[in-house]
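Single-structure report; data block below.
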Amino acid sequence: MSKAFRSISIAWSGIITLIKEENNAKIHLASTILVIVVGINIGFMAIEWLWISLAIAGVWMAELINSALENITDIVAPEHHPLAKKAKDFAAGAVLVMAIWAAFVFCLISFPHLWMRLVFSN
């Protein structure tokens, strides 16, 4: 059991380091908090929380993998190399695709709730 706790501790350490060292992770954290606050305030249903949580997890996973790949690339090719740049660009592109999809999911779910509030708030 202590190996499992050690593994979880190491994983959390990676997430905390990512947030401390990567500006984009700070943006993802702020976005995550904002989405959760909005979802609570407008009353997302369980199935909506499922989609939102999958989108949030996808962005975090993409950012973690991107940052890992960037660090590995910097070790393997510390000097500028076109293939290293290409690898980093592809990984960053994956984060962008996931973030756009997550924003789309959020809009798709939240706009009907917000519309109903606007229409029936009188």
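Fair warning: this is a prediction, and the values are worked out from it, not measured in the lab.
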Within this structure, what is the [atom1]-[atom2] distance for the pair [X] and [Y], rounded to the nearest 0.5 Å?
X: Met98; Y: Ile65; atom1: CE; atom2: CD1; answer: 11.0 Å
X: Lys26; Y: Ser31; atom1: NZ; atom2: OG; answer: 13.5 Å
X: Ser110; Y: Arg117; atom1: OG; atom2: CZ; answer: 11.5 Å

For this session: Kindly state each residue pair satisfying salt bridge (charged side-chain N to carboxylate O under 4.0 Å, His left out) with at least one member in residues 76-94, sequence neighbours excluded.
Result: Asp74-Lys88, Lys85-Asp89

For [Y], is there any backbone N or O sitting under 3.5 Å from a side-chain donor or acceptor partner on [X]?
X: Thr73; Y: Leu69; result: yes
X: Ser53; Y: Trp49; result: yes
X: Asn66; Y: Val95; result: no
X: Glu48; Y: Met45; result: yes
X: Ser67; Y: Leu64; result: no

For the hydrophobic clusters of this structure (ILVMFWY residues joined by side-chain heavy atoms under 4.5 Å, transitively), does one cluster hold both [X] and [Y]?
X: Val35; Y: Ile47; answer: yes
X: Phe90; Y: Leu96; answer: no
X: Ile33; Y: Trp51; answer: yes
X: Val37; Y: Ile56; answer: yes
X: Val38; Y: Leu50; answer: yes

Exercise. Between Ile27 and Asn24, is any pair of side-chain heavy atoms under 4.5 Å apart?
Worked result: yes

For this session: Specify the closest pair of heavy atoms between Ala62 and Ala94, including all atoms of both residues, with the distance to one decimal.
Result: CB-O, 4.3 Å

Exercise. Between Ala102 and Val59, what is the shortest heavy-atom contact and its length?
Worked result: CB-CG2, 3.6 Å

For this session: Please list all pairs passing the ring pair (Phe, Tyr, Trp, His ring centres under 6.0 Å) test where one or both residues lie in residues 92-113, with sequence neighbours left out.
Result: Phe44-His113

For this session: Run through Leu34, Leu18, Ile19, Ile15 and flag the one making a side chain to side chain contact (heavy atoms under 4.5 Å, CB included) with Leu29.
Result: Ile19

